Every structure is written in C-alpha cells, then in structure tokens.
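In what follows, a single structure is set out as structure tokens and then discussed.
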2 protein chains.
Amino acid sequence: MTDALPFAGEPEDSHEAIMRATFCALQEHGYAGLSIQRIADKADLSKSTFYHHFDGKEDLLLSFLEFTLEEFDRVFQLESSGDPATDLQTFFGLLLGDFPTVDGMPEQEDILATYVELRAQAVRNPDFRAKFTETDQKFTDRIATLIEEGREDGAFRDVDAERTAQFLLTTLEGITLQNATRDDNPLPQMREAMESYIENELLVEDHTES
Amino acid sequence: MTDALPFAGEPEDSHEAIMRATFCALQEHGYAGLSIQRIADKADLSKSTFYHHFDGKEDLLLSFLEFTLEEFDRVFQLESSGDPATDLQTFFGLLLGDFPTVDGMPEQEDILATYVELRAQAVRNPDFRAKFTETDQKFTDRIATLIEEGREDGAFRDVDAERTAQFLLTTLEGITLQNATRDDNPLPQMREAMESYIENELLVEDHTES
C-alpha cells in the first residue's frame, strides 16, 4: 500500500489485506455484525490465517484501529498553502470527509460513520479509549500548530492556541457524530458555522480586509 | 414514576419496570452485551412478559430510547433564574451531567456514556436516527429560545439564535462523545471552554461589567 490514499492500491502483505477486508466488512455489516468469518470471506483468506496474526476479534479490531488512524494521519499531512486560515480550513475539511477515495472503496460519509461506530466502542474498551485519547491529542497538536503559525503571521488573533484547538476538535467531532446519527444531513450547515467561527473569532479583521 | 428524577421512585407499571431494568442492564453490560434475558433478570419478570409488550430487542430499545429522551427532556425543564446567561449555563450543565440521580442508580458520567453507545446505534438504525434528529431539534429550539431571551434582555449580542444554538449543541455533543471515549477526563476543561465561549461571544460586555 504505497499509494497516497488509505486502503488504495494492492495490499503489500497479508496484514494489509486483512486490514482492508476488516474495513470493507465493517462498512457492510457494522460493528455489531462483524465476525472473523465475514472478514475472512472478504479477504479470501482462511480463518486459521487470521488466528496466526491475531488473538481474536478484539485484538484484530485494535490493530485495525491503529492501522486506520495512522493511515489517515498520514493522508492528513498538509503542505502549507502559505495562508494559515486556508490551511486550517483545509485540515478541518479533511477531518469532515474532504479526503479522496478510490473506486470500490466506501464513500467519505460511510467512513466517518464507521469512525463513530468504532469510537463508541471506546466507552467499554480501555485499549480503544487509550488510542482515541492519543489521536485526539495528535489532532489537537496539529490544529494548535496551525493556529500558532497564524498568530505569528499576524493573520490570527492572540488566542490560547491549545485551548482553541481543543474546542475546535470537540466541535468537529460533534459534527461527525451528528452527521452520522441524524437524517437531516446537518454537515453542510455545520461546516458553514465552523467557517463563521474561524472568520469571527480567529481572523484579525484588518488582516483579512487588506 | 411520579418523582422528579428519571428512573426514581417505584415503577408504576410493568412498562416502567422494564424501562428501568433496560437502563440498568445497559449500564452493566453495554449495548453489545444486552439481551432480553439479562433485562428480564434485572426486572424479575419472565421473558414471556417481555414478548407481551415488545416484538423483540430492537423494538424494546426504540421504546427505551423514546422513554429516556422524554424523561430527560422533562427533567431539563428549567425555571428561569431571571438571568439569561445563568439559564444557558444551567441548561448546558444539565446536558453535561449536572442532573441529580438517586441511590442505586448509575452515576451521571455512566449515563452519558450509555447515551453515546445508544447514539452510535443510530448509524445503522433508521428509527434511532429519526429519534435523535427530533431530540437534537428539540434541544436546539430550547437553546435558541434562551439566546433570544438574552438578546431581548440586552444581555446577549445580536447573534443568529438558531445557528448559534446548533453550533453550541454540536459542541456539547462533541464534549459528551470525547468524555465517554477518552481516558484523560476532558470534561472539566471543555466546560471551561464552553463558559469562555458564552462570555466572549454571546455576552454584551457593558452588560456584564455593570
């Protein structure tokens, strides 16, 4: 999987093949309907191959969670546009589904819905909880760095970068949760609200008007 | 169940007894570990009594979701303090767990975690999705009314009440999600961030300084 996109290209080994099969089985059957048998069917592998790699479903899913979060973290690496506000909007867009997918792979909204299903498992699973704590911190750091760059650049106000980043990530996760669990498609409206927030609360007025 | 608190007091009939048993079984076993048998054990009722009331687990859980959301909606009815900012903070506090519970009932944080587990089911269950869409709208309306009262009172700025209410509810749900799925207890810090938001973005400065 040397391609730029998560789960794109030919899997390089059986671990990658299993990760991709898990991804597809999750999309199709949801977390509750997931079984080693179903993943094995998708991967065209025997169940014994699975048990060679993993202790069981819980172990496989933790491995899958680690793999996926790392893949997305990699895709979310940005090349700066030179404009901090644009970089921040681009990063938020990625978290809300503006990432490319490939033919035969699930749509962005379905991927975000799977994220919500996996995240809810962290309520009962301490390993998942540790992983999401780590990823939230990683994304918070990334947003805080973009805010600091904007401050140094004079584009952003003198806000507390870490605290603002936490607040923004929380709101982004709220948007993801609502969009996956409501039938009135709140995403476009909430994206606008996020853009207004950045415009009104972060941007220095003189800077944007020039 | 004539008491003010959800699930407090003696259940009035077998429907209420089943709702309470479902609540307790959910806390103990989580959504994935829930079964009619486990709920029947908690309620000290036979499985046949269950099937007299409900078609199955999905039907029972939808009924439970409706019952619980209505109970909390009832508890969340506020008597105005006369100060719109205080009323808004109080309402947000309720959504984040500042509601009373009774001996023998789960802690607030556990109730919110169960909310996250149920909400994630809406990814795959259209009936749940319809219910959460309706409840989100109800809470948004409630927040928008509080914001409008604050505007009329001169305490709040001239913001778009509906849009601001949506943004705030989204953030509150993001806080609930993060708090239930992370191990670094982000709730106190996020509550502070919400309070800052209200202070900085909603309150009219002259009004608060007077």
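As the structure is a computational prediction, the values presented were derived from the model and not from experiment. So that the names make sense, note that chain A is the first sequence line, chain B the second, and so on, each numbered from 1.
A donor and an acceptor atom, one from each side chain of B:Asp184 and A:Thr133, are nowhere located under 3.5 Å apart.
Atom CD of B:Glu162 is surrounded by more than 12 heavy atoms from other residues, nucleotides or ligands within 6.0 Å.
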Working note: A:Tyr197 + B:Tyr197, criterion side-chain contact (heavy atoms from CB on, under 4.5 Å); need CA distance, chi angles, decisive distance, verdict. CA-CA 11 Å; A:Tyr197 179 89; B:Tyr197 180 89; 3.6 Å; yes
Intermediate values then yes/no, side-chain contact (heavy atoms from CB on, under 4.5 Å), B:Glu173 and A:Glu173: CA-CA 8 Å; B:Glu173 285 176 0; A:Glu173 285 176 358; over 6 Å; no
Let me see the working for A:Asn200 and B:Glu201 under side-chain contact (heavy atoms from CB on, under 4.5 Å), right down to the final yes or no. CA-CA 9 Å; A:Asn200 297 331; B:Glu201 315 310 336; over 6 Å; no
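Counting heavy-atom pairs closer than 4.5 Å to chain B, the top-ranked of the candidates A:Thr164, A:Val123, A:Asp160 is A:Val123. Contact tally against chain B (heavy-atom pairs below 4.5 Å) for A:Lys131, A:Glu134, A:Gln27, A:Gln137: the top residue is A:Gln27. Per-residue heavy-atom pair counts under 4.5 Å with chain B were compared for A:Leu168, A:Leu169, A:Asp136, and the maximum is reached by A:Asp136.
Across A:Ala130 and B:Asp183, no two heavy atoms sit closer than the pair CA-OD2, 3.4 Å.
For A:Ala32, no part lies near chain B; criterion is any non-hydrogen pair under 4.5 Å. Contact of A:Ser196 with chain B is made through the side chain alone, with heavy-atom distances under 4.5 Å. Using a 4.5 Å cut-off between heavy atoms, A:Arg119 touches chain B through backbone and side chain atoms alike. Of the two parts of A:Gln189, only the side chain, counted from C-beta on, holds a non-hydrogen atom closer than 4.5 Å to a non-hydrogen atom of chain B. Neither the backbone nor the side chain of A:Leu172 has a heavy atom closer than 4.5 Å to any heavy atom of chain B.
Listed for the A:Thr181 side chain is no donor-acceptor partner under 3.5 Å among the backbone atoms of B:Ala120. Side-chain atoms of A:Thr170 do not come within 3.5 Å of backbone N or O of B:Ile175 as any donor-acceptor pair.
By the 4.5 Å heavy-atom criterion applied to side chains, B:Glu117 and A:Gln121 are not counted as neighbours. Using a 4.5 Å heavy-atom cutoff, the side chains of B:Gln178 and A:Phe132 are not in contact. In this structure, B:Phe167 and A:Met194 have side chains that are in contact, with non-hydrogen atoms separated by less than 4.5 Å.
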